[in-house]
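Note sheet for the following structure.
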Amino acid sequence: MNSISEALASSGFKTIDFVILVCYLILLVSLGLFLSRNKDGKEKSANDYFLAGNTLTWWAVGASLIAANISAEQFIGMSGTGFRDGIAIAAYEVMAAITLVVIGKFLLPVMLDRKIFTIPQFLRERYNDGVGLAFSILWLFLYVFVNLTSVAWLGALAIEQILGLQGLAVSIFGFEISIRMLIILGLFIVAGVYSIYGGLASVAWTDVMQVTFLVGGGLITAYVALKEMGGIMGTDAFGALGQVYHDMTTGAHAQDVHFHLVIQESHNASAFANVPGIAAVVGGVWLTNLGYWGFNQYIIQKGLAAKNVDEAKKGLIFAGFLKILIPFIVVLPGICAYYIMQDPSKFASMNLAGNINVADDAYPWLIRNFTPTGIKGLSFAALTAAIISSLASMFNSTSTLFTMDIYKKYINKSASDKQLVNTGRIVAVSALVIALVAVKPLLGGLDQAFQYIQEYSGFIYPGIITVFGLGLLWKRASSTAAVWTAILTIPMGVIFKVAFPDVAFQFRAGYIFIILVSFFILVSYLDKKYVSVEQPTQADQQKMMLWAKVLGCLGILFIVVAFIVVGIGSTHAVKDPDNNFIDYLNDIGFQAFIFFGVLVGCNAVWLWSNAKDKVQDTKALPINLNLFSTTRGYTYGTIGIAAITFLLYAILW
């Protein structure tokens, strides 16, 4: 215990910092428990527990989406990747804002129209029980063994590093237990106290408070850290940022990728493997983002709990604007840490504590050394808010998936609301225990956990996008195609990983998607299980045919141009990307437009089919173009997000 006390004393944290953190935790748990109460003495119904009684307003939807998303994997994992590879990792955040616009317009309205609890429930209704069960099991494993474990591990790593507790352990009843595992247990307990008892209402409404802490505290932390750096450089916070940008883009660092959103492979091959140039804009990042934001239960569940479609859409636009702020909160500190480590002697007067042994140490190291008393407590509370809010959402969605898609469907079909709620709580506790046991064996030896999450989640997203997207939008999408696509998804990912280990995972995911979506469309057309259907009105046909022609032509154009560029580039024996335009395009991964062309072009297929085919799958959804209509406010929000994204890429290309 003495060594722990000594570590805390030398961490730079003062009493006020710990007071801020403790007050935040007390406020969080108290608010969560208050929201968990049964109003008017009534027991919670399944809808109350799993979908907050469909009471969420747009600001609650948007805040809860971001609180569930932003966690230790961003604060620690993304900052660590920023330290090693640069700002290009921010493409996941920036393009996510664009993805939210697409989901709000085309996907979420259809889900809300079907009044579904869970994504696998939609699969059962649209295809068959087998497809729904397969994806229920798939997601349960993903949540417990990837999401819960990674968020808890990264969160504990950060707290351990910030407090200087690395490698320490305590003896409890003769057993040696590491501080990191005790921190993980503590995070699980705090997140579980209110989320497991209160359900989604407690999670969503406490997220409003938590997103204020994590965004506000994160921005303040980044600003103050830059200001502290500026004090050493003889300038202010913005002057320090300008100096870092200048030093990282000129002279010996002229080809450094740290301040470029689009990485050239010849400038940094390892960074390109993680964020492969233009593919982070038009490539496999669309699979990750559409799969994560559109069909991930613990994310989209917040949209499904909205009061109505308009509130849900406004919530997604709000989340999109918040999402664009995240790189300034989590990636910038990692780049600053990289800058400092290039010449630590500049900051020797600060007596820097600790070291950056692996990339994921960057953010906690920066907080520990470059944030003053009081701000340390605020930044600690922001990080804790991010971790706890994500864990709470995952516990709730794990219990929702098992209870509604497995327990109610296969174990107790006549279960009462009380039985469903109690089962959900038991499942959440079980997930907590399993994740606690599995966390160290799975994540103990990783350098950049964010890449672990992205790559292994990417194993399932090509199949998810194909099965869900076409099931929502295409009337001929068949159950046979869905079943076989689901079966092939993970084996395809493993085969490509083994056969092409040096190919960036975003490219691998893109190639797999091309194969799976082609397979899905072919099998659907060959399937004989269909029924006759009246064609849409002439006006709807004209709209769909117009967009089919536009998207089809664009898809073909993207594919043809990409093949030409790749083909010409392959004839160059000596590559000179800094002086030859074709070589430059290949150096930034222009081949990604092959995938993007297929992604755009396959929309032409379902639009044309919906307009012209006189038959449809036996469980096809009715075609209702009115679901895709949006308000003027939504349009303005979309324009704003697109303009900011364009500006960021123009400045930091």
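Along the sequence shown, residues are numbered consecutively beginning with 1. This structure is a prediction, so every number in the text was calculated from the model and none was measured.
Distance check, rounded to the nearest 0.5 Å: NZ of Lys376 to CG of Leu163 gives 11.0 Å. Here the CG-NE2 distance, from Asp578 to His267, works out to 4.0 Å after rounding to the nearest 0.5 Å. Note that the CG atom of Leu142 and the CD1 atom of Ile460 stand 4.5 Å from one another [nearest 0.5 Å]. Taken from CG in Asp207 to CD1 in Ile388, the straight-line distance is 11.0 Å, to the nearest 0.5 Å. Atom OH of Tyr245 and atom CZ of Phe259 lie 8.0 Å apart (nearest 0.5 Å). One distance of note links CD of Glu176 with CE of Met181; it measures 14.0 Å at 0.5 Å rounding.
A donor and an acceptor atom, one from each side chain of Thr149 and Lys440, are nowhere located under 3.5 Å apart. Side chains of Thr15 and Asp17: a donor-acceptor N/O pair is absent below 3.5 angstrom, by distance only. If you check the side chains of Tyr292 and Asn69, you find a donor sitting under 3.5 Å from an acceptor.
For the pair Tyr339/Met229, a side-chain contact is recorded, criterion being any heavy-atom separation below 4.5 Å from C-beta on. Inter-residue side-chain proximity for Pro327 and Leu332 is flagged as unmet; no heavy-atom pair is nearer than 4.5 Å. Here the side chains of Ser195 and Met394 are not in contact, with every heavy-atom distance at 4.5 Å or above. The shortest side-chain heavy-atom distance between Tyr223 and Phe238 falls under the 4.5 Å cut-off. Contact annotation: the side chain of Val262 never approaches that of Phe272 to less than 4.5 Å [non-hydrogen atoms, C-beta and beyond]. Using a 4.5 Å heavy-atom threshold, the side chains of Gln301 and Asn396 count as touching. Contact check for Ile644 versus Phe321: side-chain heavy atoms found under the 4.5 Å cut-off. Side-chain contact check for Tyr143 versus Gln297: some heavy-atom pair is nearer than 4.5 Å.
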Derivation and outcome, side-chain contact (heavy atoms from CB on, under 4.5 Å), residues Tyr24 and Met209: CA-CA 10 Å; Tyr24 164 74; Met209 180 189 78; 3.8 Å; yes
Evaluation steps, ring pair (Phe, Tyr, Trp, His ring centres under 6.0 Å), between Phe507 and Phe500: CA-CA 10 Å; Phe507 286 129; Phe500 307 103; over 10 Å; no
Verdict with supporting geometry, Phe395 and Leu148, side-chain contact (heavy atoms from CB on, under 4.5 Å): CA-CA 8 Å; Phe395 286 140; Leu148 278 171; 3.8 Å; yes
Val151 and Asn147: CA distance, side-chain angles, deciding distance, side-chain contact (heavy atoms from CB on, under 4.5 Å) verdict: CA-CA 6 Å; Val151 167; Asn147 295 115; 5.5 Å; no
side-chain contact (heavy atoms from CB on, under 4.5 Å) assessment of Trp365 paired with Ile340: CA-CA 11 Å; Trp365 180 85; Ile340 294 166; 3.7 Å; yes
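For the pair Ile89 and Gly82, the tightest heavy-atom approach, listed with the atom from each and the gap, is CG2-N, 4.2 Å. Closest heavy-atom contact between Leu261 and Ile87: CD2-O, 3.5 Å. Residues Val224 and Pro372 come closest through the heavy atom pair CG1-CD, 3.1 Å. The two atoms that bring Ala280 and Met95 nearest to each other are O-CG, 3.4 Å, heavy atoms only. Pairing each heavy atom of Val144 with each of Thr398, the nearest pair is CG2-CG2, 4.4 Å. Taking every heavy atom of both residues into account, Lys323 and Ile66 meet most closely at CD-CD1, 4.0 Å.
Judged purely by atom type and a 3.5 angstrom limit, Asn268 has no side-chain atom pairing as donor or acceptor with the backbone of Val257. A distance-only check finds no donor-acceptor pair linking the side chain of His258 to the backbone of Met248 [under 3.5 Å]. Counting only distance, with no hydrogens or angles, the side chain of Ser393 and the backbone of Ser389 share a donor-acceptor pair below 3.5 Å. The main-chain N or O of Ala68 is found under 3.5 Å from a side-chain atom of Ser390 such that the two form a donor-acceptor pair. Checking side-chain atoms of Arg180 against main-chain N and O of Glu160 turns up no donor-acceptor pair under 3.5 Å. The main-chain N or O of Val330 is found under 3.5 Å from a side-chain atom of Ser79 such that the two form a donor-acceptor pair. Looking only at distances, no side-chain donor or acceptor of Asn586 sits under 3.5 Å from a matching main-chain atom of Asp583.
Counted within 6.0 Å of CZ on Phe328, heavy atoms from surrounding residues, nucleotides or ligands total 12 or fewer; the atom is thus considered open. In Phe141, the CZ atom is not crowded: 12 or fewer heavy atoms of neighbouring residues, nucleotides or ligands sit closer than 6.0 Å.
In this structure, the ring of Phe380 has its center less than 6.0 angstrom from the ring center of Phe13.
The aromatic rings of Trp286 and Phe596 are tilted relative to each other, their planes meeting at an angle between 30° and 60°. Using bins of under 30°, 30° to 60° and over 60° for the plane-to-plane angle, the ring pair Tyr338/His253 lands in the perpendicular bin. Ring geometry for Phe496 versus Tyr511: interplanar angle of 30 to 60°, hence tilted.
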